[in-house]
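The block underneath contains the structure these notes are about, expressed in structure tokens.
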Amino acid sequence: MCVRMLNMKTVNIREVQHHFSKVLAWVESGEEVRITRRSKTVARLVPDSETKEAALPDFAARALAIWGETSSVTPLSEDVIRDREERT
């Protein structure tokens with residue numbers, strides 16, 4: 001933990017206010033940033049570990065595996081149009 005803090009970038013609140021996009025770019029590239037006020041740490045910005053780990057499943061591949069190449073499912077838009085025509 002101490003080694004990690006030594007390599008951490010440190011910025012004061014004024015720099016964060018004026019150059020937030022630069023600080024955010026550091027975090028997006030994987031760096032931790034320590035934010036200070038009057039030389040005391042008030043916050044740490046760290047990369048979101050969930051974003052890297054949690055990938056969305058491939059729904060198209062899953063549907064293809066379940067129902068195969070052809071399916072008898074009609075698009076929802078067609079169902080809505082047909083329902084509206086039946087009501088009139």
Side-chain angles (χ1 to χ4, degrees):
M1 182 71 176
C2 291
V3 174
R4 187 178 244 184
M5 291 187 73
L6 291 175
N7 295 331
M8 192 182 311
K9 291 192 183 273
T10 302
V11 294
N12 59 30
I13 289 180
R14 182 179 184 278
E15 189 172 356
V16 172
Q17 289 173 336
H18 292 282
H19 305 286
F20 184 71
S21 59
K22 179 177 74 171
V23 173
L24 193 58
W26 292 339
V27 175
E28 287 176 337
S29 70
E31 295 195 46
E32 294 185 15
V33 179
R34 182 173 45 180
I35 301 172
T36 60
R37 175 188 290 148
R38 297 183 182 141
S39 301
K40 292 185 179 181
T41 302
V42 293
R44 270 187 332 136
L45 291 176
V46 296
D48 185 14
S49 61
E50 292 179 11
T51 304
K52 294 177 186 174
E53 295 172 5
L56 292 176
D58 186 1
F59 291 113
R62 187 173 176 189
L64 185 63
I66 294 171
W67 292 295
E69 194 66 41
T70 59
S71 69
S72 61
V73 178
T74 59
L76 182 59
S77 59
E78 289 180 16
D79 290 337
V80 170
I81 292 169
R82 189 176 326 113
D83 186 49
R84 289 179 180 170
E85 288 173 349
E86 290 174 0
R87 289 183 183 184
T88 58

Co-members of V11 in a cluster of I, L, V, M, F, W and Y side chains, linked at under 4.5 Å | I13, V16, F20, V23, L24, W26, V27, V33, I35, V42, L45
Roughly how far, to the nearest 0.5 Å, is CG of N12 from NE2 of H18?
-> 9.0 Å
Which value, rounded to the nearest 0.5 Å, describes the distance between K9 atom NZ and E15 atom CD?
->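 Going from the NZ atom of K9 to the CD atom of E15 covers 9.5 Å.
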Residue R82 excluded, over 12 heavy atoms near CZ under 6.0 Å = yes
Sequence-distant partners of R87, side chain to side chain contact (heavy atoms under 4.5 Å, CB included), two or more places apart =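 Listed in chain order: D83.
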Atom of P47, atom of E32 and distance for their closest heavy-atom approach |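 Closest approach of P47 to E32, heavy atoms only: CD-CG, 4.1 Å.
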